[in-house]
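Everything numeric here is computed off the predicted structure, so don't read it as measured data. Each chain gets a letter, A, B and so on, in the order the sequences are listed, and its residues count up from 1.
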Amino acid sequence: MKPTDLGAPDYLHKVVDCQWACPAHTPVPEYIRLIAAGRYADAYAINWRSNVFPGILGRVCDRPCEPACRRGRVEEQPVAICRLKRVAADLKGDITDRLPQPPQQTNGKRIACIGAGPASMTVARDLAVLGYSVTVFDSGKSAGGMMRSQIPKFRLPDAIIDEECGYIEGLGVEVRLDHWIGSLRDMLAGGWDAVFVGTGAPRGRDADLPGRQEAAPNIHLGIDWLANVAFGHTTSIGRRVLVLGGGNTAMDCCRSARRLGGEDVQVVVRSGFDEMKASPWEKEEAIHEGIPIHNFLVPVEFVHDNGRLTGVRFEKVRAEYDAKGRRNLVPTGEPAVLMPCDDVLVAIGQENSFPWIERDIGVEFDRWGMPVLDAKTLQSTRPNVFFGGDAAFGPKNIITAVAQGHEAAISIDRFCHGQDVAIRPSPLTNLVSQKMGIHEWSYANDVSEDRRRKMPVRDLPATLGDVRLELELGFDVELACKEAARCLNCDVATVFTPRVCIECDACVDICPSECITFTADGEEADLRQRLKAPANNTEQSLYVADGLKTGRIMVKDENVCVHCGMCSERCPTGAWDMQKFALHVAHAGAEVTPA
Amino acid sequence: MTYLAKPKLLRADTPRNALGYTRRDYEGAISTLCAGCGHDSISASIVQACFDLDIEPHRVAKLSGIGCSSKTPDYFLGNSHGFNSVHGRMPSVLTGAALANRTLLYLGVSGDGDSASIGIGQFAHAMRRGVNMTYIVENNGVYGLTKGQFSATADKGSKNKKGVVNADSPIDLAALALQLGATYVARSFSGDKEQLVPLIKGALHHRGPAFIDVISPCVTFNNHTGSTKSYDYVREHNAAVNRLDVILPKAQIEASYPPGSLRRVVQHDGSILHLRKVGVDYDPSDRIGAMNHLQERHALGEIVTGLLYVDSSGDDMHAHLNTVEKPLNQLGDAYLCPGSSALAALNASLR
Ligand SMILES: Cc1cc2nc3c(=O)[nH]c(=O)nc-3n(C[C@H](O)[C@H](O)[C@H](O)COP(=O)(O)OP(=O)(O)OC[C@H]3O[C@@H](n4cnc5c(N)ncnc54)[C@H](O)[C@@H]3O)c2cc1C
Ligand SMILES: Cc1ncc(C[n+]2csc(CCOP(=O)(O)OP(=O)(O)O)c2C)c(N)n1
Ligand code: SF4
Ligand code: SF4
Ligand code: SF4
Ligand SMILES: [Mg+2]
């Protein structure tokens, strides 16, 4: 096998599973160590640089990092990364003096961002600190986009959104609220150097079934209904509520309905329980709040009594898989099921819609009505118009919107300077030994055997009585320290120097996860079968080094290394060392390193 | 050495043996030996062998003397019986234990100082008596624990760390064991687990005295140029006579070998030793030939490794002494102490 080049882009980054999985590549283990050290403001600052909304994301992030977390492979549960982010936000104190200051003089460039969701706000932040004059337009009454208008307050209180959008406004970004943009053509005529479209995916998909029109007063589109709840326009709902759909919007709908007087709230989903799009923790919460979830039921009719909704009729289906593994839902032939109800919330999907963008101004759309974009630069077919967030590739989540905001800001900055937007600045990386003494490292290398901590929550009656009362209480210092200790410091990389290895096997013998093997060279597939312990996770790299005296190679399976440093402690010659790999993705203004 | 204990976290696909144990279940306390000490690799090989053989840890008694090597039983088989005896006296304690309870697997672990210097007499008699045991010497040519003085296995002409030349002739424990009646004699190297692990497995399945001399570099006091027990020297001068595979009675035989390259030895318990020829034409059933081969090669500066001699037809001490099958602790007081009338009868019969 080809020897591993630790300097190759992405090799060590991939080993830090959480950071690699995070769309914004937040340096997770670094901030977790800072939390363990009680340096909450520093931990917050690292997050703020990467993901802009640590307090918000610490509560409601979709957390793609957690299923990726190494801890889930060597134990059962991943580190509660998201909860720890919230700890940093909760305990940070005043951080205003750490925020960057925009330059005294603007650079003369004017940027318009349409929509005040996380994508636009990220673009605004990244560009404001470089001296751009950024104006954000939003039709709503406050900044935040769907974080403000759709995510229920019991998950994300307004104060947190106010604070973190406030930091961005504090950089001199002008946010024009109550301002609907009705024409991109007019907007472009305003002489902006670039326009960023961060208008989200604002339209809820409807269930066009018999009875829909007749029973309309009691059938609500989930995301619109949630906005009405968020802004206090809707304060009650019928006693019996059916929620159609299996995504996170459905979960927010049912849990909100429960808090607005819905006593008998049930979720009905076409797919099976495991295939539901909602995050596992959202499903758990719903069930915990007394909301049953019914699966494999497809709605066929809204049943009404002269326009008064009385129930929904469902057809029973089961999943069948074709030769290609694609799932089809086929009727079981059993009798239809009628579920009585007073109100229905339809949460079966979200769509993009750009009625305000003229189709003859050079911004091309594909046949699904989505803008034609360069996936990396987010530039549209009209060079000075960029997209990001849900508006770019359909509904995703906040952290994806932030990551795309960063990329779009880089593109806009390069565009405004007449540079090629396709050329991207590389991340800032560093690799430094953590050795402090014979058995001393500058990180805690004793691996905690503790299990994941549970989030303390308010008691059920209190939280079900108030739709704006935050459910989760956050970790206190003690819980935070215990949980932080579970992090395996995946960024502290094992670095091997074959030249000084005497092949004494000490590292092989001590390694608690049996991931090191010295053996004859071979092809990867063959090698994977010959290692001390099976290496069947091909998503994870093999670290291979040659140049040993016996002609064998050293193979380390990165999959289950717990970064305990024992290999390095046992090595008599220092052939193994633990070195911290730092990676900060480039943001707008970063220099491009010549190839 | 390390200060931390190994974390107990186990990956979901951790290999388990027929008893459901993982390799980790055969480990002991965290080793306090120097980082890179060959002895740690021997401990790991013992762990691997016992794991592979599905040995129940409580069926093993591990005994040792004094020295870095003799400390190692603390670092493997944490759930087995152990006895850390006096310097050079492990063989007599093991012999006594074996006499009292023959149902356990006896594993003697010793050093070259412990066995070839202070304990040479005990070593010799345990071999002569045919004690049913696996006797491993972790041979580094020095007294590691007392900071690197030459031991009795140090080669004449080899240099210590300060450059002083050893003037005394070495004892070859494998050659001695051959002469004294050991019925399974092997030599190996701590840095070659592929060779060592099967040799330990074969020994654990052997009836009678099984001796393995394992060259095990002392990284701290005997791993320099001029040493004949360093990692580099042993690798350069290693002359293996064969490679062993141990096949348990129940196991299916899958491996195929080119004709003429394989020797098969069936042991008492039905386990089969497959000896693959390496280079020379070597006959491991020829005791005199083995002794000659060792001397010849040693004169050429080579270190002969592999299964040097095996005789699976021999008896052990229990047969020689006609001892009782049952462990003494299961015989009961009345049987063990039949009373004064029985004694009187015995005395009378001898008058
Ligand atoms: C019910 C629900 C729950 C969710 N929960 C989570 C969660 O827990 N975690 C998570 O990560 N994500 C969640 N999401 C998804 C997340 O909210 C979005 O992915 C994210 O907000 C997208 O950000 P954005 O910047 O692309 O746009 P948005 O947040 O959608 O913001 C777009 C803004 O643009 C405004 N706008 C649109 N058109 C115009 C116009 N022409 N003129 C002026 N203003 C305009 C809109 O009013 C809106 O304020 C949830 C979504 C929903 C619907
Ligand atoms: C009766 C007695 N004499 C001397 C000693 C001192 N002593 C301790 S260990 C040792 C030598 C051990 O050498 P070896 O058996 O080769 O073990 P190693 O440390 O090299 O593994 C000696 C002489 C002792 N402990 N007891
Ligand atoms: S253990 Fe820590 S560094 Fe490793 S993936 Fe999990 S959170 Fe990230
Ligand atoms: S740090 Fe070294 S000893 Fe620890 S698990 Fe990783 S490879 Fe094994
Ligand atoms: S002194 Fe030598 S024999 Fe003893 S532990 Fe250290 S390296 Fe091993
Ligand atoms: Mg010694």
Side-chain angles (χ1 to χ4, degrees), chain A residues 70-76 438-441 444-451 486 488 501-515 517-520 532-537 548-552 557 559-576, chain B residues 1-16 22-24 26-28 30-48 51 72 75-76 140 189-194 196-197 216-221 223-224 230-236 238:
Chain A
R70 178 173 300 266
R71 188 93 195 178
R73 300 197 296 273
V74 297
E75 192 221 89
E76 272 159 24
I438 300 230
H439 295 130
E440 263 184 272
W441 304 96
N445 65 323
D446 50 340
V447 175
S448 159
E449 286 163 14
D450 283 4
R451 299 286 142 150
R486 292 181 71 239
L488 297 168
C501 170
I502 59 169
E503 297 176 70
C504 68
D505 264 9
C507 53
V508 177
D509 298 336
I510 195 69
C511 175
S513 30
E514 310 193 318
C515 53
T517 309
F518 287 80
T519 186
K532 186 169 178 196
N536 298 324
N537 185 352
L548 294 167
K549 271 197 187 150
T550 59
R552 297 182 298 175
D557 180 11
N559 185 29
V560 287
C561 168
V562 292
H563 298 263
C564 62
M566 287 187 138
C567 46
S568 307
E569 294 194 356
R570 272 301 161 99
C571 181
T573 67
W576 284 105
Chain B
M1 72 179 272
T2 351
Y3 298 133
L4 298 176
K6 274 197 192 190
K8 290 196 193 73
L9 298 182
L10 277 188
R11 50 196 285 183
D13 60 352
T14 304
R16 290 180 184 273
T22 67
R23 260 186 292 252
R24 300 288 304 276
Y26 290 88
E27 291 179 351
I30 194 87
S31 166
T32 59
L33 301 185
C34 304
C37 177
H39 300 352
D40 279 332
S41 292
I42 302 174
S43 298
S45 302
I46 293 170
V47 165
Q48 179 75 50
F51 168 83
T72 62
Y75 315 139
F76 58 80
N140 54 17
F189 170 43
S190 67
D192 185 358
K193 288 203 188 80
E194 278 177 43
L196 177 56
V197 173
S216 173
C218 169
V219 272
T220 304
F221 298 113
N223 194 36
H224 44 267
S230 66
Y231 281 104
D232 283 351
Y233 187 93
V234 179
R235 285 207 169 97
E236 277 158 27
N238 191 337

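- Heavy-atom pairs under 4.5 Å with chain B peak, among A:Asp509, A:Asp505, A:Asn445, at A:Asp509.
- A heavy-atom distance below 4.5 Å is found between the side chains of A:Pro572 and A:Ile502.
- No part of A:Cys507 comes within reach of chain B, as not one of its non-hydrogen atoms sits under 4.5 angstrom from that chain.
- Legend: residues meeting side-chain contact (heavy atoms from CB on, under 4.5 Å) with A:Cys501, ordered by chain and number and at least two apart, are A:Phe496, A:Glu503, A:Phe518, A:Leu548, A:Ala575.
- Enclosure of atom CD in A:Glu449 by more than 12 non-hydrogen atoms of other residues, nucleotides or ligands within 6.0 angstrom is indicated.
- When atom types are taken as modelled, the side chain of B:Asn223 and the backbone of B:Tyr231 share a donor-acceptor pair closer than 3.5 angstrom.
- Under the rule for a side-chain contact (heavy atoms from CB on, under 4.5 Å), the partners of B:Arg24 that lie at least two apart in sequence or sit in another chain are A:Pro512, B:Lys6, B:Leu10, B:Thr22, B:Glu27.
- With a 4.5 Å cut-off on non-hydrogen atoms, A:Arg71 touches chain B through its side chain but not through its backbone.
- Interface remark: A:Val560 contributes side-chain atoms only to the contact with chain B (heavy atom separation under 4.5 Å).
- Of the two parts of A:Thr573, neither the backbone nor the side chain holds a non-hydrogen atom closer than 4.5 Å to a non-hydrogen atom of chain B.
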